Novice: 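This is the structure I have questions about; it appears just below.
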Amino acid sequence: MTDISERGYAHAEMLVSTEWVAEHLNDPNVRIIESDEDLLLYASGHVPGAVEVDWTADLNDPLRRDYLNREGFEALASRIGITPETLCVFYGDKNNWWAAYALWVFHLFGHTNARIMDGGRLKWVQEGRPMTREMPAYPRTRYTAPERDDSVVRAFRDHVMQHVEARRPLIDVRSPAEFSGERLHMEDYPNEGALRGGHIPGARNVPWSRAVNPQDGTFKPAEELRLIYEDEHELSPDDDVIVYCRIGERSSHTWFVLRYLLGYEKVRNYDGSWTEWGNLVNVPIER
Amino acid sequence: MPEIPERLKELLADFSFVTSRSERAELLIELADRFEPVPSRIAVPPYPEDHRVQYCESEAYVWAEDQPGDSLKFYFAVENPQGLSAMAMAVILDETLSGAPVEQVAQVAPDIVLKIFGNDISMGKGQGLMGMVSVVQAEARRRLAN
């Protein structure tokens with residue numbers, strides 16, 4: 001894979017390489033953060049000095065279906081020993097799917113001083129770089145965060161309905177089987193099912209993983225990404241785009257691709273996603 | 001005959017005493033470390049799709065071999081080298097259900113995944129792991145039907 005700076009990204013600075021991370025393991029201005037889909041991975045070994053931010057335990061409100069509030073984010077930031085000036089570098093499994101999600105949530109609190117390690121955990125391991133089971137301990141900080149701002153990168157169902165009515169672009173990043181409604185959810189699963197299958201009318205189906213090279217988890221160059229999103233699916237950089245999946249996690253990966261790698265100014269992630277839309281009464285559904 | 005295989009009952013009891021996320025992870029990582037992929041006398045890659053677990057993003061495969069005395073021996077492959085949870089689940093299913101009476105194995109509910117991994121497991125992961133239980137359960141039911 002070519003160097004990040006040669007791939008034509010609008011904001012190449014939002015990605016760092018594994019080499020860069022290796023050189024900044026002891027940089028006090030940098031915090032390496034692992035966010036995984038597989039809950040065992042971090043404890044089984046991680047980049048030396050990396051802390052873990054877990055989706056369920058750290059980023060969600062324990063009661064409401066929502067993200068943590070300002071106080072919760074301040075507590076999280078203090079626990080992992082960061083200040084608003086700390087450069088947070090996220091990485092994880094599944095081609096950085098959960099890393100992108102955590103970075104997106106940090107954006108809700110204005111912590112945009114954040115990067116993704118290109119290739120994530122897979123590339124780091126493939127390159128034989130060091131891993132440790134040692135849990136780092138950083139002094140707690142006093143982090144003062146602004147109130148969570150949902151207006152810039154987050155969309156709610158009313159915004160999506162307006163989008164549908166105005167025929168503005170929606171990208172459904174789920175698998176084709178989920179998009180078609182053939183696969184809904186697993187029976188007996190208690191938490192996250194949907195009563196109806198299909199997709200939001202007008203949405204285009206671009207599975208999130210198309211943006212990465214499966215061999216090493218790195219992001220595809222801008223030219224290849226444009227072929228997918230612009231030539232195949234007719235998006236344009238000045239579009240107002242809403243992305244969604246099942247609960248907003250895979251779509252945060254596509255949000256990152258459109259917002260930073262292709263430089264779209266207005267991209268929002270609908271985290272209610274199919275588990276909200278597929279359960280709403282009297283909303284339009286397409287199959 | 002009890003409804004749940006004895007070794008599975010013991011394992012679920014062990015997990016019922018887990019009090020922290022890190023303790024649960026340590027237990028499961030120890031299990032995953034014991035994972036051994038399906039032997040070549042049973043299957044070699046590329047593995048056939050009809051043995052693949054639906055919904056499992058770690059690309060898990062399951063085989064069942066007849067054993068004397070109304071039981072089965074289960075084998076697993078996990079193609080994702082980072083699929084530690086799937087490996088742990090494979091070890092659990094092999095160590096607690098291989099050799100158990102098929103009548104009992106056929107009754108094992110997929111929601112044991114929640115008792116082992118915790119209720120806050122993500123939907124995608126839960127689906128895949130429950131899918132592994134469902135395949136094992138289906139193999140036992142097939143054996144009973146024959």
Side-chain angles (χ1 to χ4, degrees), chain A residues 34-46 52 54-60 62 91-95 97-98 101 120-126 131 133 135 174-175 177-178 182-194 208-209 214 217 245-250 273-275, chain B residues 18 20-35 53-60 78-92 108-135 137-138:
Chain A
E34 177 159 343
S35 281
D36 292 317
E37 192 260 353
D38 194 313
L39 57 97
L40 304 182
L41 279 176
Y42 175 81
S44 75
H46 47 265
E52 182 184 29
D54 177 73
W55 165 55
T56 46
D58 293 323
L59 298 179
N60 278 287
Y91 78 98
D93 64 347
K94 300 276 181 189
N95 303 322
W97 157 6
W98 296 87
Y101 190 54
R121 189 180 166 102
L122 175 66
K123 190 163 189 283
W124 184 273
V125 170
Q126 280 178 347
M131 300 286 273
R133 285 191 177 193
M135 299 298 177
R174 297 174 300 162
S175 64
E178 290 170 285
E182 170 195 330
R183 171 178 160 185
L184 195 58
H185 63 96
M186 188 171 172
E187 60 184 61
D188 297 332
Y189 197 86
N191 296 327
E192 299 175 25
W208 69 281
S209 57
C245 57
R246 191 189 63 242
I247 53 172
E249 80 298 34
R250 284 171 287 182
S273 277
W274 196 253
T275 49
Chain B
V18 167
S20 73
R21 187 169 180 270
S22 58
E23 188 187 351
R24 185 186 302 279
E26 285 304 322
L27 267 175
L28 289 165
I29 290 166
E30 279 176 27
L31 287 161
D33 284 344
R34 296 209 290 269
F35 176 72
V53 177
Q54 254 194 317
Y55 307 132
C56 185
E57 294 196 26
S58 291
E59 294 182 62
V78 176
E79 292 284 81
N80 173 9
Q82 299 190 338
L84 280 195
S85 295
M87 292 179 200
M89 196 68 214
V91 171
I92 288 168
V108 170
D111 71 2
I112 60 165
V113 166
L114 301 175
K115 293 176 181 153
I116 296 167
F117 286 83
N119 281 317
D120 56 355
I121 190 170
S122 74
M123 182 186 183
K125 184 57 67 188
Q127 279 184 327
L129 299 174
M130 287 193 216
M132 292 174 74
V133 183
S134 297
V135 173
Q137 189 187 46

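In what follows, every chain begins at residue 1, and chains take the letters A, B, ... in the order their sequences are listed. Keep in mind that this is a model prediction, so the values were computed, not measured.
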Novice: I'd like to check the side chain to side chain contact (heavy atoms under 4.5 Å, CB included) partners of A/Asp38; sequence neighbours left out, ordered by chain and number.
Specialist: A/Leu40, A/Leu41, A/Asp93, B/Leu84, B/Ser85, B/Lys125
Novice: What is the distance from atom OG1 of A/Thr56 to atom CD1 of B/Ile121, rounded to the nearest 0.5 Å?
Specialist: 9.5 Å
Novice: Less than 4.5 Å to any heavy atom of chain B: does that hold for the side chain of A/Arg133, its backbone, both, or neither?
Specialist: side chain
Novice: With a 4.5 angstrom heavy-atom cut-off, could you sort out which part of A/Ser44 is near chain B: side chain, backbone, both or neither?
Specialist: both
Novice: Need one label for A/Gln126: side chain, backbone, both or neither, based on atoms under 4.5 Å from any heavy atom in chain B.
Specialist: neither
Novice: To the nearest 0.5 Å, what is the distance between CZ on B/Arg24 and CG on A/Leu39?
Specialist: 8.5 Å
Novice: Any side-chain heavy atom of A/Asp36 sitting closer than 4.5 Å to one from B/Gln82?
Specialist: no
